[in-house]
Colleague: 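Sharing a structure here in structure tokens format.
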Amino acid sequence: DTGVSQNPRHKITKRGQNVTFRCDPISEHNRLYWYRQTLGQGPEFLTYFQNEAQLEKSRLLSDRFSAERPKGSFSTLEIQRTEQGDSAMYLCASSLGTSGGDSYNEQFFGPGTRLTVL
Amino acid sequence: AQSVTQLDSHVSVSEGTPVLLRCNYSSSYSPSLFWYVQHPNKGLQLLLKYTSAATLVKGINGFEAEFKKSETSFHLTKPSAHMSDAAEYFCVVSDLDQAGTALIFGKGTTLSVSS
């Protein structure tokens, strides 16, 4: 399967613990996105990368959230000092990207990581 | 700012009858609009997209949507529902503040199909 993969698929943690999720995009895609989806809502954009550069992070929910994509391939999303309100599905997507100007390329989504904070 | 409003949180149809999922958008500019579908335990899948070409857009699995600027609507339709169409559907607009890279999702419409 050459789609977007995410690990783990499920994570249960206790409040105050740190968690890290991994996303492996489609190999030729240079753009990678993170979204959060809470119950009964549509996904909410968090951040995105063009290759290894994080071009937007102001939508990360708090300074407890951080993301990296060190070699322009896989990405990690870390949540420090988790809170019960962080319980949600965290989705990763990837797309081809163009430099200079906007050109929509389809975002392909992974199956998500479901986080439960007790 | 861009936004979408899905007018129905839940739609129930019988197999073989038409499907209509309603979406209104708000955008200061000519928007790019999409419909995504989410089946249980599966990733989001693009059904169709509108990017200022033809106003009637055809997608996968027999779905289509019509962009109506005068009504600021982008409703999703299908002539005949199948059981496999039961899923969550999201109307989406591209976020121009993010050079169109980020997607803004509606709250979703759950489609139920009965036999």
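Each chain gets a letter, A, B and so on, in the order the sequences are listed, and its residues count up from 1.
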Colleague: Please classify the contact of A/Leu46 with chain B as side chain, backbone, both or neither, using a heavy-atom distance under 4.5 Å.
Modeller: neither
Colleague: State plainly whether one hydrophobic cluster holds both A/Ile79 and A/Leu60, where clusters connect Ile, Leu, Val, Met, Phe, Trp and Tyr through side-chain heavy atoms under 4.5 angstrom apart.
Modeller: yes
Colleague: Linking I/L/V/M/F/W/Y whenever any side-chain heavy atoms sit under 4.5 Å apart, do B/Leu111 and B/Ile60 land together?
Modeller: yes
Colleague: Please report whether the ring centroid of A/Phe45 lies less than 6.0 Å from that of B/Phe105.
Modeller: no
Colleague: Taking atom CD of A/Gln80 as the centre, does the number of heavy atoms from other residues, nucleotides or ligands within less than 6.0 Å exceed 12?
Modeller: yes
Colleague: Looking only at non-hydrogen atoms, find the nearest pair between B/Phe90 and A/Gln41 and report the distance.
Modeller: CE2-O, 4.0 Å
Colleague: Does the side chain of B/Gln45 come within less than 4.5 Å of A/Phe109's, by heavy atoms?
Modeller: no
Colleague: Can you hop from A/Trp34 to A/Tyr48 via hydrophobic side chains spaced under 4.5 Å?
Modeller: no
Colleague: Check the hydrophobic clustering (I, L, V, M, F, W, Y; side-chain heavy atoms under 4.5 Å; chains of links allowed) and say if B/Leu21 and B/Met83 are grouped together.
Modeller: yes
Colleague: Which distance, rounded to the nearest 0.5 Å, do you find between the NZ of B/Lys107 and the OG1 of A/Thr38?
Modeller: 9.5 Å
Colleague: Please indicate whether B/Leu20 has more than 12 foreign heavy atoms, meaning atoms of other residues, nucleotides or ligands, lying under 6.0 Å from its CG.
Modeller: yes
Colleague: Chain B heavy atoms under 4.5 Å from A/Glu44: which part of the residue, side chain, backbone, both or neither?
Modeller: neither
Colleague: Hydrophobic clusters here meaning ILVMFWY residues chained together by side-chain heavy-atom distances under 4.5 Å, can you tell me if A/Met89 and A/Leu115 are in one?
Modeller: no
Colleague: Show the numbers, then the answer: is there a side chain to side chain contact (heavy atoms under 4.5 Å, CB included) between B/Val92 and A/Gln107?
Modeller: CA-CA 12 Å; B/Val92 183; A/Gln107 293 186 23; over 6 Å; no
Colleague: Run the side chain to side chain contact (heavy atoms under 4.5 Å, CB included) check on B/Leu103 and A/Tyr35 step by step: do they pass?
Modeller: CA-CA 9 Å; B/Leu103 299 177; A/Tyr35 292 81; 3.5 Å; yes
Colleague: Side chain from CB out, backbone as N, CA, C, O: work out which of these in A/Arg114 comes under 4.5 Å of a heavy atom of chain B, or both, or neither.
Modeller: neither
